[in-house]
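Notes to accompany the following structure.
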Protein chains: 2
Amino acid sequence: MESSDLKKAGLKITLPRMKILEFMEASDVRHHSADDIHSALREKGEDIGLATVYRVLTQFENKGLVDRHRFEGDNQVSNQSVFELKIKGHHDHIVCVSCGKVEEFYDETIELRQKEVAVAKGYEVTGHSLTLYGKCPACKKS
Amino acid sequence: MESSDLKKAGLKITLPRMKILEFMEASDVRHHSADDIHSALREKGEDIGLATVYRVLTQFENKGLVDRHRFEGDNQVSNQSVFELKIKGHHDHIVCVSCGKVEEFYDETIELRQKEVAVAKGYEVTGHSLTLYGKCPACKKS
DNA sequence: CTAGTTGCAAAAGATTTGCAGACGT
DNA sequence: ACGTCTGCAAATCTTTTGCAACTAG
């Protein structure tokens, strides 16, 4: 399923692209910084440059294969963008401010209301970004 | 009202801090990058370093005087953080992807639903960030 | 073969930090 | 006077770009 996605997107099937896609699919975590991916692949013995990782992710983003997020919020740990495969439908995020864990959720009520708010202001909506910040169950105890 | 805010926050009342606060209060735009503020003050003849602007804004953020946002979204223009005075109550943002204009809104339904979603997942909410992206009325025509 | 890709190093943009001097209280 | 700030320059961090070599189709 990987190579067909690339072909469909009009991108040549190259080793770095395959490796990056594979890594993102195989990982149990869904959000990765460019550096995460680069280090992970390096450790696996792949010789892929960080610049290539950025280039590939940017291409994927433009082709609609991945989303790029910039989590902000209370105790922001890093300034890096994070990327996630766009295999599932749209959803928003909830980030733990203590351990950095990211979960996803989708709420029809919120989605609908957002559109209403925008239209009421005369906007033509093209997208949105919603992220909740808080302490996850595990971190609440400590 | 400015100096008292600073004093309350436990910060010395210095010229750069006053100037930055004044500028943010006086401006009709509510969101400014560190560089915006720096340039604006420079043009007014104030001799304030960019590093100081960043330091002051970061202090203000920690003291709860300002919020820092990192708008992401469809046609990302810049990677700069923007800061806004926290004088008004909480609200979210709607950003025009064409002209970059930022408007604010507050919707009780969305706020409520967010809290519900987080609680349902066992989180203790500490904050959230919601930004809609779209074309503003003026830009829709073009 | 040929255009699209890659790795590396250098560049660029945003933000932070070290330090000596200046300022607020 | 004293500890806090400030400006400047240098350092850091993240991301992008130039370029010569390489590779998929």
Side-chain angles (χ1 to χ4, degrees), chain A residues 2-21 23 31-39 41-42 44-63 65-73 75-83, chain B residues 2-21 23 31-39 41-42 44-63 65-73 75-83:
Chain A
E2 306 91 17
S3 44
S4 56
D5 283 341
L6 285 180
K7 216 172 296 175
K8 210 184 316 169
L11 295 171
K12 279 188 184 174
I13 300 170
T14 66
L15 201 88
R17 284 176 184 159
M18 293 291 282
K19 290 299 176 190
I20 291 173
L21 215 43
F23 171 76
H31 302 80
H32 311 268
S33 69
D35 199 61
D36 287 344
I37 297 175
H38 178 239
S39 313
L41 293 180
R42 273 284 155 105
K44 282 187 185 173
E46 306 296 342
D47 187 22
I48 294 178
L50 178 57
T52 300
V53 174
Y54 273 107
R55 269 186 294 231
V56 168
L57 287 172
T58 302
Q59 291 163 345
F60 284 4
E61 187 190 9
N62 291 333
K63 300 296 184 179
L65 288 176
V66 306
D67 271 333
R68 170 192 295 231
H69 302 288
R70 276 188 155 126
F71 293 136
E72 55 184 41
N75 76 335
Q76 193 51 31
V77 189
S78 136
N79 315 332
Q80 291 173 201
S81 294
V82 295
F83 300 84
Chain B
E2 306 90 18
S3 45
S4 55
D5 282 342
L6 285 179
K7 216 171 296 175
K8 210 184 316 170
L11 295 171
K12 278 189 184 172
I13 300 172
T14 65
L15 200 89
R17 285 177 184 158
M18 293 290 282
K19 290 299 177 191
I20 291 173
L21 215 42
F23 171 75
H31 301 81
H32 311 268
S33 68
D35 200 60
D36 287 345
I37 297 175
H38 178 240
S39 314
L41 293 179
R42 274 284 155 105
K44 284 188 184 170
E46 307 296 343
D47 187 22
I48 295 179
L50 178 57
T52 300
V53 175
Y54 273 108
R55 269 187 294 230
V56 168
L57 287 172
T58 302
Q59 291 162 346
F60 284 4
E61 187 191 8
N62 292 334
K63 300 296 185 179
L65 288 176
V66 306
D67 270 334
R68 170 192 295 229
H69 302 288
R70 268 169 173 155
F71 293 135
E72 55 184 41
N75 76 335
Q76 193 54 29
V77 189
S78 136
N79 314 331
Q80 292 175 194
S81 295
V82 295
F83 300 83

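Reminder, nothing fancy here: chain letters follow the sequence lines and each chain counts from 1. Here the structure is a predicted model, which means the values were calculated and not measured.
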Worksheet item: Hey, does A:Gln59 have a side-chain heavy atom less than 4.5 Å from the side chain of A:Val56?
Response: yes
Worksheet entry | Within-4.5 Å side-chain heavy-atom neighbours: B:Phe23 and B:Glu46 | no
Worksheet item: Under 3.5 Å, is there a donor-acceptor pair between the side chain of A:His38 and the main chain of A:Ile48?
Response: yes
Discussion item. Would the distance check show the side chain of B:Arg17 and the main-chain N or O of B:Lys12 forming a donor-acceptor pair, the cut-off being under 3.5 Å?
Written reply: yes
Worksheet item: For A:Leu41 and C:dG7, what is the distance between atoms CG and C1' respectively, to the nearest whole Å?
Response: 14 Å
What closest approach, in Å, do [X] and [Y] show between heavy atoms, and which atom pair accounts for it?
{"X": "B:Val66", "Y": "B:Leu57", "result": "CG2-O, 3.8 Å"}
{"X": "A:Arg68", "Y": "A:Ser81", "result": "NH1-OG, 3.7 Å"}
{"X": "B:His69", "Y": "B:Asp67", "result": "NE2-CB, 3.8 Å"}

Response to the item:
With sugar-phosphate taken as primed atoms, P, OP1 and OP2 and all else as base, the protein-contact string of nucleotides 8-14 of chain C at under 4.0 Å (heavy atoms; B, S, -) is BB----S
Restricting to nitrogen or oxygen on both sides, can you table the protein-nucleotides 2-4 of chain C pairs closer than 3.5 Å?
| unit_1 | atom_1 | unit_2 | atom_2 | d |
| --- | --- | --- | --- | --- |
| C:dG4 | O4' | A:Lys12 | NZ | 3.3 |

Fill in: Opening and closing nucleotides of DNA chain D in contact with chain B, under 4.0 Å to non-hydrogen atoms
D:dG3 to D:dA9
Practice prompt. Please round to the nearest 0.5 Å and tell me the distance separating atom CZ of B:Arg42 and atom CG of B:Leu50.
Written response: 8.5 Å
Worksheet item: Got a second to check how far B:Phe60's CZ is from B:Leu11's CG, nearest 0.5 Å?
Response: 6.5 Å
Discussion item. For A:Val53 and B:Ser33, find the nucleotide of DNA chain C closest to each by heavy atoms; which residue's nucleotide sits nearer the 5' end?
Written reply: A:Val53
Worksheet item: Only one of B:Ile37, B:Asp35, B:Asp36, B:Leu41 clears side chain to side chain contact (heavy atoms under 4.5 Å, CB included) with B:Ser39; which?
Response: B:Asp35
